[in-house]
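Structure first, then comments.
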Amino acid sequence: MNSEQFEKIRSGLGFFAALDQSGGSTPGALAEYGIPKDRYNSDAEMFDLVHAMRTRVITSPAFDTRILAAILFVQTMERDIDGLPSAQYLWERKNIVPFLKVDLGLADEANDVQLMKPITTLDDVLGQVRQHHRIFGTKMRSFIKDSNQAGIAAIVDQQFEYADRIRAAGLVPIMEPEVSIKSPHKKQAETMLRDAIQQRLDALPEDAVVMFKITIPDEPGLYGSVASDPRVLRVLALSGGYSRDEACALLVRDATLTPSFSRALLAGLSAEQTDEQFNAELEASVAEIYKASLH
């Protein structure tokens, strides 16, 4: 584990940028950026376009040390930015800690949740990460639709089982059991999730290091006991469908959480903007999220 990266994540000021849209979510991300599906004819062209978008974001002067870390898609890790491997560029040129999304998407719904599909590529990806040694940790996402005890327990068990393998490889896992902001019993689901996480967390060895990424809870400070556990490096909060203004307003009420935004960070950016317009829009976004992170 890189001690300088560890200290930056542990005590630095700022937020996380989630730039990890994968095959399923990339068309939507490109459409919001002003590139509709009829502008590309293959997955290869689509991934070239999204890498160009991410490169424009990462190389912007607004993408600076107010951003503690960036979560990458595996194809971004495998590509270069300005002549350097993407993770190396982030750490050496921007002093931003790289993480990597490792899940393969969501399984079909059962018990009001969606587990992760089996991560059959995990060992291969962890091998790649060793070659891209600037990468500090990983992220994997599950989805909770309602307050179902059995479903939430299964989500947490799966996340911790993969996290054990990732920790064994010397990386810090971010476990992301997202609760839908449209859940009819969101507050109850979040309490169940907190309790299930705490139970599994208590069983970890004292020297374990993990992180969590969760939906901003209805009850401020709900995950305070998780955030204060010495084995938890940070608890991140996703925007989860809230607008940037809504998410930032909610986060100001909860000092235990660090923003980790994707859509809320990139909203308003367009392929048609001049560099001056693009950088100004990104600067406004970064400044707003950074301010919310300083609560």
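- Judged by distance alone, with hydrogens and angles left aside, the side-chain atoms of Ser239 form no donor-acceptor pair with the main-chain N or O of Phe261 at under 3.5 Å.
- Taking a cutoff of 4.0 Å between a charged side-chain nitrogen and a carboxylate oxygen, Asp202 and Arg200 do not qualify as a salt bridge.
- Separating the OG1 atom in Thr26 from the CD atom in Gln75 is a distance of 8.0 Å, to the nearest 0.5 Å.
- Note that CD1 of Ile135 and CD of Gln5 are 9.5 Å apart. Values are rounded to the nearest 0.5 Å.
- Residues Tyr40 and Leu30 meet the side-chain proximity criterion, which asks for heavy atoms closer than 4.5 Å.
- Look at Glu283 and Arg66 and you find a salt bridge, because one of the NZ, NE, NH1 or NH2 atoms lies within 4.0 Å of a carboxylate O, short of that distance.
- Other residues, nucleotides and ligands contribute at most 12 non-hydrogen atoms within 6.0 Å of the CD atom of Gln199.
- Under the 4.5 Å side-chain contact rule for hydrophobic residues, Val210 and Met116 share a cluster.
- Using a cut-off of 4.0 Å between Lys/Arg side-chain N and Asp/Glu carboxylate O, Glu206 and Arg231 are scored as not salt-bridged.
- The shortest non-hydrogen separation linking Arg39 to Glu45 is O-OE1, 4.4 Å.
- Transitive grouping of hydrophobic side chains (ILVMFWY, heavy atoms separated by less than 4.5 Å) keeps Leu106 and Ile155 in distinct clusters.
- Remark: the backbone N or O of Val179 is paired with a side-chain donor or acceptor of Thr215 at under 3.5 angstrom.
- Side-chain contact between Val57 and Leu282 is present, with heavy atoms from C-beta onward closer than 4.5 Å.
- Side-chain atoms of Ser60 and Asn279 form a donor-acceptor pair, as typed in the model, at a separation below 3.5 Å.
- Proximity of a side-chain donor or acceptor of Arg234 to a complementary backbone N or O of Met211 within less than 3.5 Å is not detected.
- Other cluster members for Val252: none, since no ILVMFWY side-chain heavy atom sits under 4.5 Å from it.
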TODO: Please step through side-chain hydrogen bond (donor to acceptor under 3.5 Å, both in side chains) for the pair Lys213 and Ser260, ending with a clear verdict.
DONE: CA-CA 8 Å; Lys213 181 172 176 177; Ser260 177; 3.0 Å; yes
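- With hydrogens and angles disregarded, a donor-acceptor distance shorter than 3.5 Å links the side chain of Gln114 to the backbone of Ala107.
- For Gln273 (side chain) and Gly268 (main-chain N/O), a donor-acceptor pair under 3.5 Å exists by modelled atom type.
- For the 3.5 Å distance criterion, the side chains of Asp254 and Thr256 qualify, holding a donor opposite an acceptor.
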TODO: Walk me through it: do Glu78 and Gln128 pass the test side-chain hydrogen bond (donor to acceptor under 3.5 Å, both in side chains)?
DONE: CA-CA 9 Å; Glu78 294 168 345; Gln128 285 181 274; 2.7 Å; yes
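- Phe212 has its side chain out of reach of Leu236: every pair of non-hydrogen atoms, C-beta onward, lies at least 4.5 Å apart.
- The closest side-chain donor-acceptor pair between Glu178 and Ser142, if any, does not fall under 3.5 angstrom.
- With hydrogens and angles ignored, the 3.5 Å screen pairs no side-chain donor or acceptor of Glu190 with any backbone N or O of Leu222.
- Taken together through direct or relayed side-chain contacts under 4.5 Å among Ile, Leu, Val, Met, Phe, Trp and Tyr, Met175 and Leu238 form parts of separate hydrophobic clusters.
- Scored by the side-chain hydrogen bond (donor to acceptor under 3.5 Å, both in side chains) test, Arg244 finds Ser285, Glu288 as partners (sequence neighbours excluded).
- Residues forming a salt bridge (charged side-chain N to carboxylate O under 4.0 Å, His left out) with Glu4 (at least two apart in sequence, or on another chain): none.
- Between Asn111 and Ala150, the shortest heavy-atom distance links the atoms ND2-CB, 4.4 Å.
- Side-chain atoms of Gln277 never come within 3.5 Å of backbone atoms of Ser270 as a donor-acceptor pair (strictly under, hydrogens ignored).
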Open item on the list: Working note: Ser225 + Gln198, criterion side-chain hydrogen bond (donor to acceptor under 3.5 Å, both in side chains); need CA distance, chi angles, decisive distance, verdict.
Closed with: CA-CA 8 Å; Ser225 62; Gln198 192 66 62; 3.0 Å; yes
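- Put simply, the side chain of Ser183 gets close to the backbone of Lys145: a donor and an acceptor are under 3.5 Å apart.
- Nearest heavy atoms, Ile67 versus Ile96: O-CG1, 3.3 Å.
- In this model, a donor atom of one side chain and an acceptor atom of the other lie less than 3.5 Å apart for Glu7 and Ser11.
- In terms of hydrophobic clustering, with Ile, Leu, Val, Met, Phe, Trp and Tyr side chains grouped at heavy-atom distances under 4.5 Å, Phe160 and Phe143 are assigned to different clusters.
- Taking the salt bridge (charged side-chain N to carboxylate O under 4.0 Å, His left out) definition, one finds that Glu281 meets it with nothing, sequence neighbours left out.
- Residues Lys8 and Asn95 come closest through the heavy atom pair CE-O, 2.8 Å.
- The shortest distance between side-chain heavy atoms of Phe6 and Val97 does not fall below 4.5 Å.
- Annotation: Phe99 is in aromatic contact with Phe136 [ring centroid separation under 6.0 Å].
- Between Arg141 and Asp103 there is no salt bridge, since no side-chain nitrogen of the basic residue lies less than 4.0 Å from a carboxylate oxygen of the acidic one.
- The side chain to side chain contact (heavy atoms under 4.5 Å, CB included) check on Asp207 picks up Pro205, with sequence neighbours excluded.
- Between Arg165 and Glu161 there is no salt bridge, since none of the side-chain N atoms of the basic residue sits less than 4.0 Å from a carboxylate O of the acidic one.
- The cluster map of Ile, Leu, Val, Met, Phe, Trp and Tyr, joined by side-chain heavy atoms under 4.5 Å apart, puts Leu193 and Leu201 in the same cluster.
- The distance from atom CG of Leu266 to atom CG of Leu19, rounded to the nearest 0.5 Å, is 6.0 Å.
- Remark: the Arg56 side chain and the Tyr33 side chain contain an N/O donor-acceptor pair separated by less than 3.5 Å.
- Every residue two or more places apart in sequence or in another chain that forms a salt bridge (charged side-chain N to carboxylate O under 4.0 Å, His left out) with Lys139 is listed here: Asp20, Glu176.
- When all heavy atoms of Phe63 and Ala70 are compared, the pair lying nearest together is CZ-CB, 4.3 Å.
- Shown here for Phe15 and Val286, the closest heavy-atom pair between the two residues is CE2-O, 3.7 Å.
- With a 4.5 Å cut-off on side-chain heavy atoms, His51 and Ile81 count as touching.
- Arg54 and Thr76 form a side-chain donor-acceptor contact under 3.5 Å, judged by distance and modelled atom types alone.
- Between the side chain of Tyr223 and the backbone N or O of Leu257, no donor-acceptor pair lies under 3.5 Å.
- The distance from the CD1 atom of Ile58 to the OH atom of Tyr89 is 8.0 Å, given to the nearest 0.5 Å.
- A side-chain donor-acceptor contact under 3.5 Å links Ser86 to the backbone of Arg79.
- The distance from the CG atom of Leu115 to the NZ atom of Lys117 is 12.5 Å, given to the nearest 0.5 Å.
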